Structure formats: structure tokens, C-alpha cells
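Beneath this line is the structure, given in C-alpha cells, with notes to follow.
Remember, it's 1-based here, ligands and their atoms both numbered in the order they're listed. As the structure is a prediction and not an experimental result, all values here were calculated from the model.
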Amino acid sequence: MNHDDLRHWSKQAADWAHDYHASLRDLPVRAPLVPGAIASQLPSSPPETAEDMAQIWADFERIIPPGMTHWQHPRFFAYFPANAAPASMLAEQLANAMAAQGMIWQTSPAVTEVEQVMIQWLRQSLGLPEEFSGTIHDSATTATLSAVLTMREVALNFMGNLKGLSGAPRLRIYASAQTHSSVDKSIRISGIGQDNLVKVATDETLSMDPQLLEAAITLDRANGDLPAGVILCAGGTSVGAFDRIKDCIDVAHAAGLPVHVDAAWAGSAMICPEFRALWSGIEAADSLVFNPHKWLGAQFDCAVQLLQNPTPQVKTLGLRPSYLETAGKEEVVNFNEWTVPLGRRFRALKLWFVLRAYGLEGLRTRIRNHVTWAQDLCETLRRVPGVQITSSPRLSLFTFALADDTATERLLTAINDDGRVYLTQTRHNGAYVIRVQVGQFDCTKADVDMIATVVKDLMP
Ligand code: PLP
């Protein structure tokens, strides 16, 4: 296959993509397959000789789409969305065509400079002050890991990277149980250790209790441990919990600790000023992450970390061997020094396309609709006999259950086997509950209302 062939097949791929998206409402949202169904259709060894692209294409059409869960389906209400707006897909095609590796400024100045400008566009869109700069990671997990490694190094006066952790004081990091498992993962792989992630209890609003945070830090210090930072939750995965950002940051900063806020899902909603009360005080955060690849339409992967002062993170993650120097251009930013991997994709291009193609007003309208439709649906489900709302909507996420765990689990299985909508589960206050989140880029009110129809059809 050469570049002339690529032109032909790219046109076919564009037509295929259009027809695929047009047909999504007719497909079951979740792949209705048993494990191994796809792998068993592939040869167990690679071909020795080149194969005809027409045959490869035919196999793709036959084997792959039936094995996909359709994340761009307008009735995908599971997990959180991974939205790919059409303008984002177009930008990704162009980024793929150039296939640049933007590890340092000179390996593609546009990759770095569009990223710098997009970070500033997003900062303004979220209503954050001018001091914030930032970078784009692959995922929120990597951004949180970067923040945790920085907390570790700042606490150890940048000696952890050099000397290792053995012999160092016991580091402690604080978060509530509502934070995502990416926080636990970051603590584990940073070498701090899961046992040193102090899960501070939440109050009746599901916010970390700031007084208990203060008490935990004081106790650890009295025991000779070394508190290193606080991680707050703005829109938890399970039921959308928000920590009281201002109160918790005040406690952390009074204790001299940096704060990282995980707003991976809810951050996108903050382009709407009326939702910003939910993270009031955010302007004092040292670091925060949000995923435009969730709710904003810039497709996976695109996780934005905003930093009050990037210097400690660059000191933690940055290395500049001679083969990565840019002679005579010491003033440029080399974003690999802000992140864990060296290599970087051109992720900012899709942000540029999305923000221009829909405008902030277009994106706000979608998010506002999702929140309103989720609230309406919650009220409809509340009136269905046997259904209990187990957590009321936070933005566009709520949960519901039946009388007991077994009945709830059976209902969820029936819903997902039915295929008209896709929902997932969580545990809340010890009970098995069904999550509903509304956020798919192309969904309509009718798509959201379908959830109530399906629930009523399948109630035991
Ligand atoms: N934080 C929250 C609140 C999330 O919901 C998720 C994923 O859904 C993550 C972090 C991890 O995101 P990523 O897949 O970008 O690492």
C-alpha cells in the first residue's frame, strides 16, 4: 500500500465513517458477544507476504464493528462519555496524516505552540485566573500521577528522584473515598504506597470533611510522618461527589500542602458559569485535571492539566540530555519536561477544531441540555413504582436502584442485554445501584427519555 492507495482508501474510510455514525441508533450500544468471539476469527500468526487491501478491508467490515461497544452511540449512558465530535475526528485525521512526534519544540513548533494557546483558551473558558498555564496528557491518570510525583519531590526537597525513597520519612497524601481509583494507582506507582493514601471521611454532602483533613494532617505530623499533598474530587465517578474545594484548600494551604483537583469529568461543565459554584475556590488549586475527551467533544485522548506554577512539576519530570537540546532556543517550552512520556501526539489540534467549529456557546448548550434532560429523567424514574433514586443528579449523573441488590443487578443485566441503552453500576452507601450519566455529544431528549421506557418495559 502506498500513498496513492491511501488516498483511495481514505475516501472509502470517510464514507464508511459517515454510514457507521448514521446507523448507530439501529445498533445495540454494547457489543453482545461472548469472550473470545473476535480473537477466534483472527489467524494465530502474522502473514509472511503482503495481503490485498481489499481483503483487509472486507475482514475489517466483517469482524470488527460487531465486536465494538459503540461509544459514539447517542444512547451511550455508561461510565462517562468519550465524545468524539465530528470536528475532532477531522482534526485527528489531519494529525494522523502528518504523524508528528512533538516531544520538543523543534520537533514540530506547531504542536507546542497550538497547545500553549489552547491551554490559555481553556483556562479562560473555565473562568480561571491568568496565572495558570498547563499541558495536555494522554489521560487524567497520567496527570494525577504527575501531580503526585511532584508532591513527593517537593516534600522530599527533590531528593526522591535522586536517592530513592528508602530511608525517607513516611509520606502521606490525603483524599476522600469518592476520588477515582486513578488516585490510588498514582500513589501506588509513585512509591508512596497505598497505605499512605489517607482516605479522609466525607460529610453528609459527600465532601471530604475539612476538619477531619486538618486533624489527619496534625496527627501524622505528631507521629513523625511527612504530609505531602491533598487530592480533591470535583465530580467523582461513582455518584458525582464534589469536595468543598475552598474549605479543603484553605486547610491544605494553612498546613503548607499543595492541592491537586481531579475534575476529569465535571471540569468540562465549568465552561457554563452557572455550574462553577460547585468548585468554588478552584482558583487557589495548585494543579487540576479535566478531560476534554469526556464531555467537551475532543476525542480520546486529551487530558488537560492546569498548573498554578509549573516549575516544581518540570523539576520533577524534566530531563534534558544533550540529544534533546534545542541549540539557541533555550526560551522555548519543551512539553515532554512537564509530563511522564517523552513522545507526544498533536492533541491540541482537535481542541482548536472543536472550540472553533462549535464555539463555547454551542458546547455550553449541549452540556446544559444534558444536565436538564438528566434531571427530567430522574423525576420520571422517581415516579416509576419500585424505583428508588439513590443519589440525586449532580450535573448530569444520578443513580437509582430497586428494592435489593439482586433485583437491581438483574434489571441492569436485562437493560444491557436489551441493547437500546447502555448503563453501568456502582456501589453507593453499600448498595448496588445503577448509574445514569447523560453526556453523549449527539444525544437528544428522546434518546435520554428512552431510558425510562426501557426501565418500565423491563421492570420485574
Ligand atoms: N478521574 C475521574 C473522576 C474519572 O471519572 C476518570 C475516568 O473515568 C479518571 C479520573 C481517569 O481518567 P483517564 O481514563 O483519563 O485516566
Side-chain angles (χ1 to χ4, degrees), residues 69 71 76-84 88 122 126 134-149 173 175-190 197 199 202 206-208 229-243 245 248 259-270 275 278-279 282 285 287-306 339-341 344-345 347 350-351 367 370 374 391 393-399 422-428 433 435-440:
T69 291
W71 281 73
F76 181 100
F77 303 110
Y79 307 101
F80 283 132
N83 278 330
S88 165
L122 289 173
L126 301 184
T135 190
I136 308 178
H137 299 264
D138 54 354
S139 66
T141 304
T142 312
T144 295
L145 173 63
S146 304
V148 167
L149 292 170
I173 300 230
S176 93
Q178 292 295 323
T179 46
H180 186 262
S181 58
S182 54
V183 174
D184 301 66
K185 186 183 265 190
S186 298
I187 301 295
R188 287 171 177 225
I189 61 183
S190 68
L197 176 59
K199 294 275 173 87
T202 51
L206 294 184
S207 161
M208 174 193 286
V230 177
I231 299 178
L232 299 177
C233 166
T237 312
S238 191
V239 296
F242 280 82
D243 288 324
I245 304 290
C248 295
V259 174
H260 171 70
V261 179
D262 178 2
W265 162 63
S268 295
M270 303 308 171
F275 298 135
L278 287 167
W279 73 354
I282 191 71
S287 161
L288 74 101
V289 62
F290 88 103
N291 282 352
H293 73 227
K294 286 191 161 57
W295 210 354
L296 214 56
Q299 74 206 67
F300 192 82
D301 49 5
C302 187
V304 167
Q305 185 188 17
L306 292 158
T339 59
V340 175
R344 358 191 43 247
R345 304 194 321 106
R347 299 191 183 92
K350 59 196 166 196
L351 282 169
I367 288 173
H370 297 159
S391 66
R394 285 184 173 82
L395 295 170
S396 64
L397 168 63
F398 68 92
T399 60
Y422 183 21
L423 304 176
T424 45
Q425 77 292 334
T426 189
R427 281 211 166 261
H428 182 52
V433 299
R435 288 172 81 254
V436 177
Q437 71 74 27
V438 178
Q440 217 289 328

I'd like to check which ligand 1 atoms, numbered from 1 as shown, lie under 4.0 Å from a non-hydrogen atom of [X].
X      : result
His293 : 15 (O)
Ser182 : 10 (C)
Gly235 : 3 (C)

Legend entry - For ligand 1, the portion of Phe80 having any non-hydrogen atom under 4.0 Å away: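 Side chain only; the backbone of Phe80 stays clear of ligand 1.
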Can you check whether [Y]'s main-chain N or O pairs, donor with acceptor, with [X]'s side chain at less than 3.5 Å?
X      : Y      : answer
Arg344 : Ile136 : yes
Thr424 : Tyr79  : yes
Arg435 : Val239 : no

Legend entry - From the candidates Thr237, Thr144, Val289, the one that places a heavy atom nearest atom 2 (C) of ligand 1: Thr237
Identity and separation of the nearest protein heavy atom to [atom]:
atom                    : answer
atom 11 (C) of ligand 1 : His180 CE1, 3.5 Å
atom 1 (N) of ligand 1  : Asp262 OD2, 2.6 Å
atom 16 (O) of ligand 1 : Thr141 OG1, 2.5 Å

Legend entry - Partners passing ring-ring contact (aromatic ring centres under 6.0 Å, His included) against Trp265 (at least two apart in sequence or in another chain):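 ring-ring contact (aromatic ring centres under 6.0 Å, His included) check on Trp265 returns Phe80, Trp295.
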Legend entry - N/O separation below 3.5 Å, Ala140 to ligand 1: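 Yes, Ala140 has an N/O under 3.5 Å of an N/O on ligand 1.
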Inset, instruction - Could you tell me whether Lys294 and ligand 1 have an N or O pair separated by under 3.5 Å? - result: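 Yes: some nitrogen or oxygen of Lys294 is under 3.5 Å from one in ligand 1.
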Legend entry - Check: Ser176/Thr179 side-chain N/O donor and acceptor closer than 3.5 Å: no
Inset, instruction - Check the side chains of Gln178 and Ser238 for a donor-acceptor pair under 3.5 angstrom, ignoring hydrogens and angles. - result: no
Legend entry - Non-hydrogen side-chain atoms of Val148 and His260 separated by less than 4.5 Å: no
